Amino acid sequence: MIKPSGEKLTESSVQARKDNRERKKRLEECKANSTFPGAKDLIPIREPDKTPTLLEAASKTPEGHPEYLHAELQPEKEYNRELWGLQLNFNEVGNLLRDTCFHRLQARARGHTAGEAAPHSIHWLAKAVNLPGQNQEPRVMSRPMEGKPEAIKELREDLARKYHIHGTKVEQLWRSFDRGQRAKALKAGAAEGVVLKDPRDRSMGNVYKIIPEMNLRDLVEPAEYLLDILKYRATKSLAEQYAEGPNGGPGDSAVILNSMRMYNLRHVDEFKYSFTMFIDDDQYGQSYKASNRARYEETMRGLSAAVDAGVCHPQSTGELILERQLYTLQTLNVLIEDILDVGSTSRDTKARPKKPEEAAQAALSKLSIVPKPEKSLEDLLASAVDQKASLDEYLNLCRTEPVFFAHMVNLWFFSRPELVQDEKGRIMPLVTDKYISIAVYEMLHNAIAGAATWGYICQLLQVLIESPEDPIRRATVLQEMSNVCHMEYGRVQKLFKRHVQTGSGSKHFRRVYGVYDNGVARVTMKGKPELLTRDNPQLHYMLRLCQTETDASKSVAWIKKLDDLHQLHPSEREDMQEREFESFHDIAVIAGFVQSFSTMLPLPSINTKKGRIYVSKSNELAAELDPLKTDINLSDFAIPIDNLLEPGMAAGALNALDKFIVDKTGTKMGFLYQDLINICVSDIQEFFLQPKTTAEFVPLTPFVETPTPELRVQQRRQKDKTRPAHSYIYDIAPPPPPPTQPETQSPPPAFKVKPKTVEVFSTLFSKSEARGSITWVSFEAAMADLKFSVIPKFGSVFTFCPPQDMGVQKSLTLHRPHKARIEGHLLLIFATRLKSVYGWGEECFEVAEGK
């Protein structure tokens, strides 16, 4: 009986595959001709051997016999409490097969999808979308997302990877948690820690209509409730989740349709003449729109079989089903990260509790405030070297401090231009994991490019200092300097705009749908900044600094206005987000450098044809490196982002990225930028040796060499063989451990200072995880105790100058931190800079007698 059924199934499957090939050809022709396909062609022809019906599948098993169902399944389902209070009706064999055999066959096929890794920390449903309050019932208002079906597919794949990598550990942790720990994990990613209390909790508006099962009461206990949901969502296809829920419960379609019937749930948009299909993976969740009512009705008649089967809905219903799947998958992706975070005992968290602010005003009376610009090119070079050192230390902290590295990746990830709404209020996929690897790549590439540019600026200054008074040479180098400074200003301005458009100024920007500049989504400003002059002057000044027409010279006035505002109203500074405040410092540094340079030598305007050797070669290198970001996969280390805090994960991610760059380009990214500087400086020196026959300006034009990509990679591999050992300029790979050698030099004599000063530097240089925090006032007082003077600049930038009797005569430029408190990753930055410039450590400070 079973064998003939199998043979018949095979014959029909072969014919179905032939018909599907013809159907796909017709769809391709319609797509090429921009014509609407026939209704029947929109529905894939089922291949019985791959997707058998319930009767077909059951006919090949003993479960297909009604007498077996009556004798065996009825008691079994009653014992397993799978009947939901209903009695099986054995007179309806078709319904019996649908309600029992399908569930049983599905259970046999359970297994989880292989993948790689996944989650990251973001606020879940209440922050990911804007659902309305009770006053907006019965409609659902949500912030639309571009490519929702594609985003859902990516989220499902993300969850499958997470479950494959972390599923066993998550299950162990969840079972070991008590009620309080489970509640903590559930609330950790929620906006303000608010989640549904129970399936009928209306305090969050319409959320209970969309994802009623994601409520605190049911998720906390028993443990199997969440684990069953997690396993089912991670191992079943979207089509299976659409049709059925965990343990045979209602699927996504049934839940939404029930909410529409019981609670009058409706989508805010009508989606006239549109419908959504829920069939196979290729067309799952795709919506179509007919040109008019007649065409729509004709199409619906053709799709009557799909409508009757429950796989074709009006788009207004289809969007609600997709939103349910989207929100559920987002929640579970984030929840995995929160469970791992709550249960982790190995992460390098380095929590830093705050100390109460200490009074240190008395010591400030000794602080010398000397607002003076640099007097010579040598002073300007020292300032540029200091900025380069600051960027070098930033890169070094990424290589050596997982806490700092993870923090910077988080900032880059959550400031993506894709998160800015377009003209229709849509955002691109919010939490898909592929963007994490891209964020790591972009953040490090940007750091290396900035450090290299300041390195080249230092080289140009050195050339100006050492070159004779040759007007032609000087004019050429000045034009090169002008173009390089403009390029660097453009880099930090884009970074500042990146944070403002996703932060304080999010309502004043829009993303241009489908338009990209060098692989980055284009974002433009809405409205006029000057309209905010009275209501929000700080945002007005910030938006001015984001405008492309505000160049380095014009930015000085707006930086000064913003700095003055902060001096008069310190609370305004605290209203800026920390990431905005830190990127504002970078703008102030390059703008201040250009202003100081212009007071000594006439810096020409930017020139698009002359003096562009570094700019041209840098753009060529960026054009080679930027496209690689979509190919890198760091899921084993950086997904979730906080996984970088686990032992070895940050180093693993950096080594994997380093190897990826070498495989693609033939050498390390750091070497590419190091060679860029060396080549440009060499070209300038060769240019100077050329005979000049005129006193007019001679443009320095780059020599364009365009070897094939294969030859270029081969040449770089050969060059790497000749590099000196231990060359780590602009490197991204973790440094090798230092050799263990006995101390041969005695430590420098300790400074005899006040107890408060010892406390400040003990906090800065402490190696404990709970390092505390210090105020900016306390730090200034400590530097005053060491007889340092300070040169305040605009943009909360300060240069500390050592006393003349100190052995190291180098100044140090630092940014006053957001909210005037040094804590978290800033402690690492300050400590690293002080150690790099002055060689200081915790042992260098002792309390003076009598103090």
Side-chain angles (χ1 to χ4, degrees), residues 145-147 150 409 411-430 432 434-450 452-453 483-503 505-527 529 542-552 554-555 579-580 583 586-587 590 606-609 612 614-632 664-665 669 672-673 676 702:
M145 177 177 288
E146 291 177 24
E150 289 72 24
V409 173
L411 289 184
W412 201 270
F413 180 77
F414 290 110
S415 61
R416 292 181 292 119
E418 293 84 359
L419 301 183
V420 179
Q421 296 185 27
D422 67 7
E423 62 275 7
K424 294 184 179 180
R426 299 172 298 186
I427 62 171
M428 294 179 72
L430 185 63
T432 51
K434 69 178 183 181
Y435 292 102
I436 297 179
S437 295
I438 293 175
V440 174
Y441 184 97
E442 288 182 333
M443 185 272 291
L444 288 170
H445 185 196
N446 179 73
I448 292 175
T453 299
N483 291 338
V484 171
C485 288
H486 178 83
M487 183 185 75
E488 171 61 9
Y489 178 82
R491 182 187 72 85
V492 297
Q493 184 187 46
K494 288 178 182 177
L495 187 58
F496 180 69
K497 177 172 173 279
R498 178 189 181 100
H499 292 304
V500 173
Q501 70 194 16
T502 54
S506 59
K507 296 181 180 180
H508 300 274
F509 291 88
R510 68 175 179 86
R511 180 172 44 82
V512 183
Y513 175 75
V515 179
Y516 295 82
D517 299 317
N518 298 322
V520 179
R522 181 183 296 179
V523 177
T524 60
M525 192 178 299
K526 299 189 299 184
M542 293 168 64
L543 294 179
R544 288 287 194 179
L545 289 171
C546 293
Q547 291 180 311
T548 53
E549 56 265 32
T550 304
D551 59 18
K554 295 178 181 178
S555 69
R579 57 194 175 106
E580 297 170 339
S583 57
D586 294 330
I587 285 188
I590 183 62
I606 182 175
N607 194 304
T608 58
K609 296 181 180 180
R612 296 182 62 81
Y614 183 85
V615 173
S616 298
K617 291 184 179 294
S618 179
N619 289 339
E620 291 172 6
L621 182 56
E624 178 186 357
L625 292 175
D626 284 343
L628 300 180
K629 64 187 178 184
T630 57
D631 298 331
I632 182 66
K664 293 292 185 180
T665 68
M669 186 184 291
L672 291 173
Y673 277 93
L676 169 65

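If you're wondering where the values come from, they're calculated on a predicted model, not measured in any experiment.
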Quiz prompt | Residues forming a ring-ring contact (aromatic ring centres under 6.0 Å, His included) with Y673, sequence neighbours excluded | solution = H445
Who passes side chain to side chain donor-acceptor pair (under 3.5 Å) against [X], sequence neighbours left out?
{"X": "D586", "answer": "none"}
{"X": "R510", "answer": "none"}
{"X": "D551", "answer": "none"}

From [atom1] ([X]) to [atom2] ([Y]), nearest 0.5 Å:
{"X": "L495", "Y": "L411", "atom1": "CG", "atom2": "CG", "result": "9.5 Å"}
{"X": "S415", "Y": "K497", "atom1": "OG", "atom2": "NZ", "result": "11.5 Å"}
{"X": "I587", "Y": "F496", "atom1": "CD1", "atom2": "CZ", "result": "5.0 Å"}
{"X": "H508", "Y": "L543", "atom1": "NE2", "atom2": "CG", "result": "6.0 Å"}
{"X": "I438", "Y": "D631", "atom1": "CD1", "atom2": "CG", "result": "9.5 Å"}
{"X": "Q493", "Y": "S555", "atom1": "CD", "atom2": "OG", "result": "8.0 Å"}

Under 4.5 Å between any side-chain heavy atoms of [X] and [Y], yes or no?
{"X": "V520", "Y": "P417", "answer": "yes"}
{"X": "Q421", "Y": "F509", "answer": "no"}
{"X": "V440", "Y": "L444", "answer": "yes"}

Quiz item: Just checking, R416 and F414: is the charged tip under 6.0 Å from the six-membered ring centre and within 45° of the axis?
Solution: no
Practice problem: Would you kindly check if the NZ (Lys) or CZ (Arg) of R498 is within the cone defined by 45 degrees around the ring axis of W412 and under 6.0 Å from the six-membered ring centre? | Solution: yes
Practice problem: Take Y513 and E423, measure what side chain to side chain contact (heavy atoms under 4.5 Å, CB included) needs, and give me the verdict at the end. | Solution: CA-CA 7 Å; Y513 175 75; E423 62 275 7; 3.5 Å; yes
Quiz item: Does S506 use its side chain to pair, donor to acceptor, with the backbone of Q501 at less than 3.5 Å?
Solution: no
Self-check item: Contacts of type side-chain contact (heavy atoms from CB on, under 4.5 Å), residue L672, not counting sequence neighbours
Solution: L621, L625, T665, T667, R716
Quiz item: In chain order, what residues pass the side-chain contact (heavy atoms from CB on, under 4.5 Å) check against S618, with sequence neighbours excluded?
Solution: M487, Y614, L676
Self-check item: side chain to side chain contact (heavy atoms under 4.5 Å, CB included) between M669 and Y441, intermediate numbers included
Solution: CA-CA 11 Å; M669 186 184 291; Y441 184 97; 4.1 Å; yes
Quiz item: Could K629 and E442 be called an ion pair, given the rule that one side-chain N must be under 4.0 Å from one carboxylate O?
Solution: yes
Quiz item: Is it true that the side chains of N607 and R612 contain a donor and an acceptor less than 3.5 Å apart?
Solution: no
Quiz item: Is it true that the side chains of T502 and R579 contain a donor and an acceptor less than 3.5 Å apart?
Solution: yes
Quiz prompt | NZ (K526) with more than 12 external heavy atoms under 6.0 Å | solution = yes
Quiz prompt | Where P529 and Q547 come nearest, the two heavy atoms and their spacing | solution = CG-NE2, 3.6 Å
Practice problem: Can you see which heavy atom on G450 is nearest to which on E488, and at what distance? | Solution: CA-OE1, 4.2 Å
Self-check item: The single option from V523, D422, T524 passing side-chain contact (heavy atoms from CB on, under 4.5 Å) against V512
Solution: T524
Self-check item: Verdict with supporting geometry, E549 and K554, salt bridge (charged side-chain N to carboxylate O under 4.0 Å, His left out)
Solution: CA-CA 8 Å; E549 56 265 32; K554 295 178 181 178; over 6 Å; no
Quiz item: Which is it for C546 and M525 under the side chain to side chain contact (heavy atoms under 4.5 Å, CB included) test, yes or no, and what are the steps along the way?
Solution: CA-CA 9 Å; C546 293; M525 192 178 299; 4.0 Å; yes
